[in-house]
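Heads up, the thing below is written out as structure tokens.
Quick note on labels: first sequence line is chain A, next is B, and so on, each numbered from 1.
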Amino acid sequence: MDKLHQALYRHFGYSSFKKGQEDIIKSVIEGRDTVAMLPTGGGKSLCYQLPGLLTDGTVLIVSPLLSLMEDQVQQLKMRGEKRVAAYNSALTYQEKEAVLKQLHRLKFLYISPEALQSEQMLKRLQAINISFFVVDEAHCISQWGHDFRPDYSKLGEIKKQLAGPVTLALTATATEATLKDISRLLGLEEARYLIHSVDRPNIALHIEEVQDTAEKTKRLTELVRKLQGPGLVYCPTRKWAEELADRITEGTRLRTGFYHGGMEAGDRMLIQQQFIRNQLDLVCCTNAFGMGVDKPDVRYVIHFNLPQTAEAFMQEIGRAGRDGNRSISILLKAPGDKEIQEQLIQTEALSRHDIDFLYEKLAGVRDERGLKETLQQSGLTETQARHFAHLYVKFRHLGNKGREHIYQEMDFRKQQKLSKMEGFAHIAANKGCFREGLLAYFNERRKPRKTPCCTHCGLHLKDYEAKGDHPIMNQLTAWEEELDMIFAVSRDHVC
DNA sequence: CGCCGGCAATATAAATTGCCGGCGGTGCATTATT
């Protein structure tokens, strides 16, 4: 047994690596910047945790969600690793101070891209030894960094200011263009790429076309009644998520919840926990649901509408069948599906006219606060204001030329989003193999045909139907899981 | 674009119709005021 395997066994109790893990770990230990793609549930956190334990210094991990950081900190603590903390707005002033004081003693520090912008934090980080700079869910850099969460696009600058530690970008879903974007924004010119297929062969891909929304709703109820759960239904809006959950509750005996970003944090947590513990058969949700939901036995994912991109689609169906067992993705299509998505994209982008108007209002405004206030008073959405502010700060020193840059950048982002959306619509409309189309989008050639593959290659929905009274089965499972959890906890305490 | 809530008009009193305007997804972080 080599050193790495010994360490794996000693620290984590595993005797072998999952596919792809070892190459990633070796790469970062050798000091190479690495961009890695591992399938959902492929054990990404181990890829920086093990090297972290074998190297002096602190691992800095950028994470997109507070709840994700919380989970990771808990898990490490359960394993007996005390030198771990998260730094974000969920902390009180005192807690933040405590983390800053202890920084040099930490093995793992989880942080949001926003919190990483803090001067104070940056200064403290510059004073300690950082072993690895890790960006978890790195597709967020490309997906959110340009407009929604611009601090994601500043990570490259932060990395530079930290004297360029060895960097690891981890994701499960990215096209070649997205990987390039990640490298560019993080400044990883010499990076090694360790890419795993996005394909999930145990998830069958089904598409159904119906006439209109009414028929869709009816069909959805039929499907969830028959299918073996638990399952997820991705909905286009918050309202639809709630509405469909109501309809399903009325029309079936299934225990149904809904989940979206407009809910209280406590309610969101509750639904997620109930789903994980099999106290719910299905959840109707928006794209807010999923990141960090580590449930192995999701049997189906239904899309009530076209998702905005093929990447989003892969991410969302990827929440099914993590246990490797037979699962299904069902896409419900109807004419006019694109309109909601298209409009979301259209209304978010600012026109030349809007930008000129903002420039007029901003004449004479000097400081950061004035900028924010002015934008707030201009009737922009929060996202629009942030996107514009980001570009304005970046280009304002160029005067009128800077304004041209902003026109172009706004338009470019809009066009890119529209074309990604069209791209997926096109793949879904194709009469050939759906999987082949999807994989081609990710620059992959489809592997030898496995049945069942997709609607166009032949598949039987009957194979995915529930047998018997599964709600009772689920309660039993919940019981067993709870027992398992109790044992897992006590085991960890002993070790 | 398509949907929904709010409001006025209708036509005669409780409820429908129709028009207008706004909104729609993703999450960090809120350091200033009742």
Margin query: Surrounding NZ of K180(A) (heavy atoms of other residues, nucleotides or ligands, distance under 6.0 Å), is the total greater than 12?
Written below: no
Check: When the aromatic ring centroids of F313(A) and F434(A) are compared, is their separation below 6.0 Å?
Finding: yes
Check: Just checking K338(A): base, sugar-phosphate only, or nothing, at a heavy-atom cut-off of under 4.0 Å?
Finding: nothing
Check: Hey, are K420(A) and E311(A) close enough for a salt bridge, meaning a charged N less than 4.0 Å from a carboxylate O?
Finding: yes
Item checked: CD/E176(A): more than 12 non-hydrogen atoms of other groups inside 6.0 Å -> no
Notebook entry, point to check: From dA29(B), dG24(B), dG27(B), pick the nucleotide closest to the side chain of T383(A)?
Noted result: dG27(B)
Margin query: For the aromatic rings, using the six-membered ring if either is Trp, is the centroid distance between Y259(A) and F289(A) under 6.0 Å?
Written below: yes
Note to self: Output the rounded distance in Å from OH (Y152(A)) to P (dT26(B)).
What the structure shows: 16 Å
Checklist line | R403(A) to F395(A), cation-pi by 6.0 Å centre distance and 45° axis angle | finding: no
Check: Can you find a side chain N or O atom of S89(A) that sits less than 4.0 Å from OP1 or OP2 on dA29(B)?
Finding: yes
Check: What nucleic acid atoms does Q315(A) come within less than 4.0 Å of, heavy atoms only: base, sugar-phosphate, or nothing?
Finding: nothing
Notebook entry, point to check: If we take the P atom in both dG18(B) and dA14(B), what is their distance in whole Å?
Noted result: 23 Å
Notebook entry, point to check: Over how many whole Å does the gap from E137(A) atom CD to dC28(B) atom C1' extend?
Noted result: 15 Å
Item checked: Separation between the P atoms of dC7(B) and dA11(B), rounded to whole Å -> 22 Å
Note to self: Categorize I340(A) for me: base, sugar-phosphate, or nothing, with a 4.0 angstrom heavy-atom threshold over every strand shown.
What the structure shows: nothing
Checklist line | Nearest listed nucleotide, side chain of A115(A), among dT26(B), dA29(B), dG24(B) | finding: dA29(B)
Item checked: Proximity to the side chain of S112(A) - top-ranked nucleotide from dC4(B), dT26(B), dC28(B) -> dC28(B)
Checklist line | Residue matched to dT31(B) through Watson-Crick or wobble contacts both under 3.5 angstrom | finding: none
Next item on the list: Check the distance between dT26(B)'s C1' and E316(A)'s CD and give it to me in whole angstrom.
Entry: 10 Å
Next item on the list: Find the partner of dA13(B): check Watson-Crick (N1-N3 plus N6-O4 or O6-N4) and G-U wobble (N1-O2, O6-N3) distances, both under 3.5 Å, and reply none if neither fits.
Entry: none
Check: Reckon A312(A) touches a base, only the sugar-phosphate, or nothing at all at heavy-atom distances under 4.0 Å?
Finding: nothing
Check: Given atom CD of E382(A) and atom P of dC23(B), what is their separation to the nearest angstrom?
Finding: 14 Å
Notebook entry, point to check: Are T171(A) and H139(A) close enough that a side-chain donor and a side-chain acceptor fall under 3.5 Å?
Noted result: yes
Check: Taking atom C1' of dC23(B) as reference, at what distance in whole Å does atom NZ of K239(A) sit?
Finding: 10 Å
Checklist line | Pairwise C1' distance for dA9(B) and dA13(B), with rounding to whole Å | finding: 14 Å
Item checked: Ring geometry between Y234(A) and H303(A) (parallel below 30°, tilted from 30 to 60°, perpendicular above 60°) -> parallel
Next item on the list: Whole angstrom is fine here: how far is it from CG in L306(A) over to P in dC1(B)?
Entry: 18 Å
Notebook entry, point to check: If every non-hydrogen atom of A288(A) is compared with every non-hydrogen atom of R268(A), which pair is closest and at what distance?
Noted result: CB-NH2, 4.1 Å
Item checked: P spacing across the pair dT12(B) / dT17(B), given as an integer number of angstrom -> 14 Å
Note to self: If you take any heavy atom closer than 4.0 Å to DNA chain B, which residues from residues 140-151 of chain A end up in contact?
What the structure shows: W144(A), F148(A), R149(A)
Next item on the list: Measure from NZ on K154(A) to P on dC28(B) and round the result to the nearest Å.
Entry: 17 Å
Next item on the list: Using side chain to side chain donor-acceptor pair (under 3.5 Å) as the criterion, point out the one residue from R319(A), Q75(A), R322(A) that pairs with D294(A).
Entry: R322(A)
Next item on the list: Pull up the glycosidic torsion of dT16(B) and say syn or anti, syn being anything within 90° of 0.
Entry: anti
Item checked: Neighbour count >12 (heavy atoms, 6.0 Å) for atom NZ, K96(A) -> yes
Notebook entry, point to check: Taking any strand in view, what nucleotide pairs with dC3(B) in a Watson-Crick or G-U wobble way, both distances under 3.5 Å?
Noted result: dG22(B)
Notebook entry, point to check: Should R268(A) be listed as having a side-chain N or O under 4.0 Å from OP1 or OP2 of dG27(B)?
Noted result: yes
Checklist line | Aromatic centroids of Y392(A) and Y359(A) separated by under 6.0 Å | finding: yes
Check: Across the strands shown, which category fits R386(A) at heavy-atom distances under 4.0 angstrom: base, sugar-phosphate, nothing?
Finding: base
Next item on the list: Mind running a 4.0 Å heavy-atom check of residues 63-74 of chain A against DNA chain B and sending the residues that fall below it, in number order?
Entry: P64(A), L65(A), L66(A)
Next item on the list: Looking at every strand, decide which applies to Q341(A) at a 4.0 Å heavy-atom threshold: base, sugar-phosphate, or nothing.
Entry: nothing
Next item on the list: Take atom OH of Y93(A) and atom P of dA29(B), then tell me their distance rounded to the nearest Å.
Entry: 17 Å
Note to self: Here's a test of your reading of the structure: between R369(A) and E114(A), which maps to the more 5' nucleotide of DNA chain B?
What the structure shows: E114(A)
